[in-house]
Amino acid sequence: MSIAKPYLNIPGTTIFDAEQSRRGYWLNQFCMSLMKADNRTRFKADERAYLDEWPMSEAQKRAIAARDLNECIRLGGNIYFLAKLGATDGRSFFQMASSMTGLSEEEYREIMLRGGRSGKCALNTPAVQRGTSAAQGVRITASVYTSHVPAIGAAIDQRRQAEPYWQPVFRGYEPSRRWLEANMPDVVVLVYNDHASAFSLDFIPTFAIGMAASFPPADEGWGPRPVPVVQGHPELAAHIAHSVIQEDFDITLVNGMPVDHGLTVPLSLMCGDVEAWPFAVIPLAVNVVQYPVPSGRRCFQLGQAIRRALESFDSPLHVQVWGTGGMSHQLQGPRAGLINSAWDNRFLDRLIADPEDLSRVAHLEYVREAGSEGIELVMWLVARGAMGDVAGGPKPIVRHRLYHVPVSNTALGHLILENP
Ligand code: DHB
Ligand code: FE
């Protein structure tokens with residue numbers, strides 16, 4: 001695509017990037033399975049039968065069976081994963097490395113004892129092209145902001161939209177559905193938070209981007225929502241990751257994960273009950289569960305970096321960035337049920353008119369004024385940063401604005417902003 005990959009031309013070297021990772025996903029997952037003693041035993045007992053349990057290509061299975069590590073790497077394997085296969089065979093990293101050089105293990109040892117191999121090579125690498133807006137760049141037209149309350153998903157799934165409690169909510173999204181029909185994107189970068197569904201307490205990425213081709217709805221305990229599997233956009237996701245990380249914006253790469261109500265409820269609200277989601281979705285998860293959580297400022301800056309990434313993707317795709325969560329709510333403790341309509345509406349005003357200023361609001365204010373779970377609102381600043389308008393320049397056009405209390409324990413907020 002539009003970001004050059006200078007690392008593709010280094011002789012005898014394969015860089016494990018998003019494309020290789022995608023190619024080798026199951027091969028590497030198979031290797032990981034060998035970290036369990038039971039699996040090693042089953043693999044050794046009948047290699048072919050064990051390999052057939054994994055959705056790998058025949059070429060990958062043959063490369064593994066032959067212990068051809070160069071071929072495994074060409075087919076997407078990564079040495080740290082393949083090392084589990086080597087270890088299962090009782091081999092060391094030294095033996096594995098030597099097996100890929102074309103030298104015998106003895107020759108390799110001799111050379112290493114004499115100071116190692118000369119890996120010098122002519123690096124014929126083109127300059128990295130980045131940040132240039134291509135003639136055929138992505139169109140970033142609008143951003144959508146919406147709550148994600150699980151009870152909304154349940155109301156849709158159980159067809160209770162016409163009940164008096166739900167009517168004002170679903171009627172409020174009717175203009176949004178019409179707007180979306182008329183402004184259907186190819187891809188939505190959907191900024192949301194995971195609620196202990198994909199990420200346990202073992203690993204908590206501050207920012208994570210979904211690079212997979214698809215994301216299943218999570219089973220949050222009630223069974224997975226009966227909604228379509230979310231189709232991703234691996235090429236654009238890899239491009240965004242590459243671009244923002246090169247701008248020193250660390251983001252966690254996620255090659256597979258389920259998506260919970262934080263992502264599927266906004267889709268349901270905007271798209272309704274559909275057979276398939278009408279666009280690809282790049283999930284962008286923000287940690288707002290365990291502190292420290294990122295500042296509003298950092299979220300806003302991430303949005304700006306995402307915009308630069310999108311603008312440098314050489315494709316005529318129509319992209320929208322959505323921010324989700326909120327508004328004021330607290331789901332815990334004696335203060336549960338807190339709603340602060342005045343603060344919420346001021347937040348909406350400021351998000352439209354002066355997001356830069358709004359991005360300076362401290363966590364403590366979110367928690368004090370909008371409740372502990374009101375911190376979800378920082379995610380709206382990612383989407384707002386991606387709108388790309390500058391202070392003093394023309395403001396986005398407000399296509400729709402909705403505020404309704406209560407929805408379950410929350411104040412529901414919703415905005416559609418279009419670039420002028
Ligand atoms: C509720 C709101 C949320 O944002 C959430 O993640 C879970 C539950 C609620 O109000 O019920
Ligand atoms: Fe939530």
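Start at 1 with the first residue, then count along the sequence. Both ligands and their constituent atoms are indexed starting at 1 by order of listing.
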Classify the ring geometry between [X] and [Y] as parallel (under 30°), tilted (30 to 60°) or perpendicular (over 60°).
X    : Y    : result
H414 : Y173 : parallel
F16  : F81  : tilted
H363 : Y291 : perpendicular

Of the protein N/O/S atoms, how many lie under 2.8 Å from the Fe ion (ligand 2): 3

Nearest heavy-atom contact between V378 and V288 is CG2-CG1, 3.8 Å

Determine the minimum heavy-atom distance between A386 and V321, stating which atoms define it. CB-CG2, 3.8 Å

Ignoring hydrogens and geometry beyond distance, is a side-chain donor-acceptor pair present between S147 and H329 at under 3.5 Å? no

Within residues 203-232 or reaching into it, pairs that qualify as ring-ring contact (aromatic ring centres under 6.0 Å, His included) - sequence neighbours excluded: none

Using the ring of F170 (Phe, Tyr or Trp, six-membered ring only), decide whether R177 places NZ or CZ under 6.0 Å from its centre and within 45 degrees of its axis. no

Got a sec, which residues hit side-chain hydrogen bond (donor to acceptor under 3.5 Å, both in side chains) with T324, two or more places apart in sequence or on another chain? none

Check each protein residue for a heavy atom under 4.0 Å from ligand 1 and list those that pass, ordered by chain and number. H148, V149, P150, H195, H261, H329, L331, E376, S408, N409, T410

